[in-house]
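Presented below is the structure to which this report refers.
Throughout, a chain's letter reflects where its sequence line sits, starting with A, and its residues are numbered from 1.
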There are 2 protein chains.
Amino acid sequence: MMDPFQAHCKMEVTLAVISGKWKADIVQMLSDGSPRRYGFFQKNLPEVTPKILTNQLRELENAGILTRVIYPEVPVRVEYQLTEAGLDLLPILEAMERWALSYIEKIQQRGCEM
Amino acid sequence: MMDPFQAHCKMEVTLAVISGKWKADIVQMLSDGSPRRYGFFQKNLPEVTPKILTNQLRELENAGILTRVIYPEVPVRVEYQLTEAGLDLLPILEAMERWALSYIEKIQQRGCEM
DNA sequence: CAGAATCCAAGGTGATACTG
DNA sequence: CAGTATCACCTTGGATTCTG
């Protein structure tokens, strides 16, 4: 992940935080505010390998987008949950989703088939 | 650039379009709607090399975010201008800028110096 | 259950020099 | 003026295998 703190403009900070193949998906899966477990992401993102999933979760954690809480039970339970900064990201992700829909329409009209 | 059309979710489409080290800057430089020339970007982004600048401009052009118009004068003049889709991107970039500001504040309070 | 370790391929970025 | 061409690095993502 690119270091958000050496970005040359503010937008780059945000882009650095959410750029990552599965980060937007992860944040969206936590969008209702409730905590989710590692296996939940694995189940809903069948294509992502454990290494990559852990990597994306850790980078989001280090960026302060989500928290990782370990419950030392047997078997161990780990819960991920959005922070306030993470919740603040949701409107942007929704706007990105809306833009993409409109964009896809425009592109189709332009003559590209999908 | 990652192909927006093989994204696994809509948000990825938008991310694919604006992910690129200088793309957000370029779009913002065109935000008032008026056309800008190659040299303008070079002057305002002194760190970017010609190859990369051309690369970022071409990817934005291929994505339909901006247009590239060549005026066959001597010397040649090339003007870049945002499309409708590009203009629609501006609110998102502004939201990203605002989020980054709030984020930086929060991080500083958390104890990280910048 | 929730990862960690190792190895590897791809592509995005950049330095440098050159051109229609 | 507005680019191209070549070479090289380095980060990101991924396949596979293994573990507290």
*Can you tell me how far P of C:dG11 sits from CZ of B:R58, to the nearest Å?*
21 Å
*Please state how far atom CG in A:L15 lies from atom P in C:dT13, giving the value in whole angstrom units.*
11 Å
*Verify the contact: side-chain N or O of A:R37 to OP1 or OP2 of C:dA2, cut-off strictly under 4.0 Å; return yes or no.*
yes
*If you check the A:K21 side chain, which of D:dG13, D:dA2, D:dT16 turns out closest?*
D:dG13
*Report the relative orientation of the aromatic rings in A:F41 and A:Y80; use parallel for angles under 30°, tilted for 30 to 60°, perpendicular for over 60°.*
perpendicular
*In whole angstrom, give the distance that lies between atom CD1 of A:I52 and atom P of C:dA9.*
15 Å
*With heavy atoms under 4.0 Å as the rule, sort B:Y80 into base, sugar-phosphate or nothing.*
sugar-phosphate
*Which of the following nucleotides, C:dG12, D:dG3, D:dG13, is nearest to the side chain of B:E59?*
C:dG12
*Could you check whether B:E79 gets within reach of a base, just the sugar-phosphate, or nothing at all, counting any heavy atom under 4.0 Å?*
nothing
*Could you go through the side-chain contact (heavy atoms from CB on, under 4.5 Å) check for A:D25 and A:V48 one step at a time?*
CA-CA 11 Å; A:D25 306 78; A:V48 62; over 6 Å; no
*Relative to the 5' end of DNA chain D, which residue comes earlier, A:G20 or B:P50, by the nucleotide with the nearest heavy atom?*
B:P50
*Counting only heavy atoms not in A:E73, do more than 12 fall under 6.0 Å of its CD?*
yes
*CG of B:L57 versus C1' of D:dT4: gap in Å, rounded?*
15 Å
_Here's a test of your reading of the structure: between A:W22 and A:V76, which maps to the more 5' nucleotide of DNA chain D?_
A:W22
*Does A:R68 put a side-chain nitrogen or oxygen below 4.0 Å from OP1 or OP2 of C:dG3?*
yes
_Any side-chain heavy-atom pair of A:Q56 and A:I52 under 4.5 Å_ = yes
_Can you confirm whether more than 12 heavy atoms, excluding those of B:Q42, are under 6.0 Å from its CD atom?_
yes
*Rounded to the nearest Å, what distance is computed from the OH atom of residue B:Y38 to the C1' atom of nucleotide D:dC1?*
10 Å
*Just to confirm, is there a sub-4.0 Å distance from OP1 or OP2 of D:dC7 to any side-chain nitrogen or oxygen of B:K51?*
no
*May I have the distance from A:R36 (atom CZ) to C:dA2 (atom P), rounded to whole angstrom?*
13 Å
_How many whole angstroms separate atom CG of A:N55 from atom P of C:dA4?_
10 Å
*Can you tell me the distance, in whole Å, between the CG atom of B:L53 and the C1' atom of C:dG12?*
15 Å
_Quick check for you: among D:dG3, C:dA2, C:dA4, whose closest atom lies nearest to any side-chain atom of A:V78?_
C:dA2
*Select one nucleotide: of D:dA2, D:dG13, C:dT13, the one nearest the side-chain heavy atoms of B:Q56.*
C:dT13
